[in-house]
Amino acid sequence: MITEQQFKLASSIQEQVRGNSTEFHTACNKVLFNAAASASNDVSKQSMEFQVHVVNSGTGTGKTTFCAALMAACYNTLPDYAGAYVVRPE
C-alpha cells in the first residue's frame with residue numbers, strides 16, 4: 001500500500017532532479033499521488049473491475065518526473081512493489 005512516506009520520499013527525489021518545488025508543483029504531485037494510491041488500492045483488492053485514474057495538468061507541472069520518483073520511492077520502500085509506466089506511442 002502506498003502511503004504518505006512514499007509521497008515524501010518521491011517529492012524529495014523529484015526535487016533532486018528538477019530543483020525546488022513550488023506550492024503549485026506540490027499540489028500537482030499530491031493529485032498524482034492520490035491517483036496512484038487509489039490505483040494501488042484497486043490492485044490490492046484483486047478486483048477485475050478497474051477504475052481509470054487520470055491526472056490532467058499542464059506541461060511542465062512535473063507529472064512525469066514525480067511519477068518516476070514515486071515508482072523509485074515505492075521500489076525502495078515496499079518489499080513486494082511492482083509497477084509500470086505506460087504511455088501512448090507518438
Side-chain angles (χ1 to χ4, degrees):
M1 181 70 72
I2 299 175
T3 67
E4 194 68 25
Q5 174 190 5
Q6 284 80 33
F7 176 76
K8 289 177 182 175
L9 180 55
S11 295
S12 174
I13 292 168
Q14 184 187 38
E15 283 192 10
Q16 291 175 30
V17 172
R18 64 178 279 177
N20 291 336
S21 294
T22 65
E23 280 187 43
F24 176 74
H25 289 119
T26 301
C28 290
N29 290 349
K30 194 63 171 177
V31 171
L32 182 54
F33 171 78
N34 290 339
S38 182
S40 175
N41 189 38
D42 290 348
V43 170
S44 70
K45 292 178 186 175
Q46 297 183 347
S47 171
M48 295 310 291
E49 295 181 28
F50 296 101
Q51 292 277 94
V52 175
H53 303 277
V54 176
V55 176
N56 185 14
S57 57
T59 302
T61 57
K63 294 179 302 292
T64 301
T65 56
F66 184 76
C67 188
L70 183 58
M71 291 176 75
C74 290
Y75 177 79
N76 284 318
T77 59
L78 301 171
D80 295 332
Y81 176 77
Y85 188 86
V86 180
V87 297
R88 180 181 58 157
E90 297 281 337

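Counting begins at 1 with the first residue of the sequence. No hydrogens, no waters, no symmetry mates; every other heavy atom, side chains included, goes into these values. In this text, all values refer to a predicted model and were calculated from it rather than measured experimentally.
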**Student:** Does a sphere of radius 6.0 Å around CD in Glu4 hold more than 12 heavy atoms from other residues, nucleotides or ligands, not counting ones at 6.0 Å or beyond?
**Tutor:**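 Enclosed.
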**Student:** Considering all heavy atoms of both residues, which atom of Ser21 and which atom of Glu15 are nearest to each other, and what is their separation?
**Tutor:**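 Taking Ser21 first and Glu15 second, the nearest heavy atoms are OG-CG, 3.6 Å.
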**Student:** Roughly how far, to the nearest 0.5 Å, is the CD atom of Gln16 from the OG atom of Ser11?
**Tutor:**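 The OG atom of Ser11 sits 11.5 Å away from the CD atom of Gln16.
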**Student:** Between the main-chain N or O of Ala72 and the side-chain N or O of Asn76, is there a donor-acceptor pair closer than 3.5 Å?
**Tutor:**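 Yes, the answer is positive, given that a donor and an acceptor are paired below the 3.5 Å cut-off.
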**Student:** Is there a donor-acceptor pair closer than 3.5 Å between any side-chain N or O of Lys63 and the backbone N or O of Gly58?
**Tutor:**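 Looks like yes, one N/O pair under 3.5 Å.
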**Student:** Do the side chain of Ser38 and the main chain of Asn34 share a donor and acceptor less than 3.5 angstrom apart?
**Tutor:**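 Answer holds: no.
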**Student:** Can you see which heavy atom on Gln14 is nearest to which on Ala69, and at what distance?
**Tutor:**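 In this case the closest contact between Gln14 and Ala69 is N-CB, 3.9 Å.
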**Student:** Look at the side-chain heavy atoms of Ile, Leu, Val, Met, Phe, Trp and Tyr, link any pair under 4.5 Å apart, and say whether Tyr75 and Tyr85 land in one connected group.
**Tutor:**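 Same hydrophobic cluster.
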**Student:** In this structure, would Leu32 and Leu70 fall into the same cluster of hydrophobic residues linked by side-chain contacts under 4.5 Å?
**Tutor:**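 As far as the 4.5 Å side-chain criterion goes, Leu70 and Leu32 are connected within one cluster.
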**Student:** Taking atom types as modelled, find out whether Gln6 and Thr3 have a side-chain donor-acceptor pair closer than 3.5 angstrom.
**Tutor:**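 A donor-acceptor contact under 3.5 Å links the two side chains.
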**Student:** Does NZ in Lys30 sit with more than 12 non-hydrogen atoms of other residues, nucleotides or ligands closer than 6.0 Å?
**Tutor:**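 More than 12 within 6.0 Å, yes.
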**Student:** What is the minimum heavy-atom distance between Ile13 and Ala73, and which atoms define it?
**Tutor:**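 Here Ile13 and Ala73 meet closest at CD1-N, 4.1 Å.
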**Student:** Working to the nearest 0.5 angstrom, can you tell me the gap between Cys28 SG and Glu23 CD?
**Tutor:**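 Between atom SG of Cys28 and atom CD of Glu23 there are 12.0 Å.
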**Student:** Mind checking the OG1-CD1 spacing from Thr77 to Ile2? Nearest 0.5 Å is all I need.
**Tutor:**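 Reported to 0.5 Å precision, the distance equals 9.0 Å.
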**Student:** Going hydrophobic residue to hydrophobic residue with side-chain gaps under 4.5 angstrom, can you get from Leu78 over to Met71?
**Tutor:**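 Same cluster: Leu78 reaches Met71 through Ile, Leu, Val, Met, Phe, Trp or Tyr contacts under 4.5 Å.
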**Student:** Any chance OH of Tyr81 has more than 12 other-residue heavy atoms, nucleotides or ligands included, within less than 6.0 Å?
**Tutor:**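 Result for OH/Tyr81: enclosed.
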**Student:** With the 4.5 Å side-chain cut-off for hydrophobic clustering, are Val31 and Phe33 part of the same group?
**Tutor:**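 Yes, same cluster.
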**Student:** Looking at Asn29 and Gly62, what are the two nearest heavy atoms and their distance?
**Tutor:**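 Asn29 and Gly62 have their closest heavy atoms at OD1-O, 4.2 Å.
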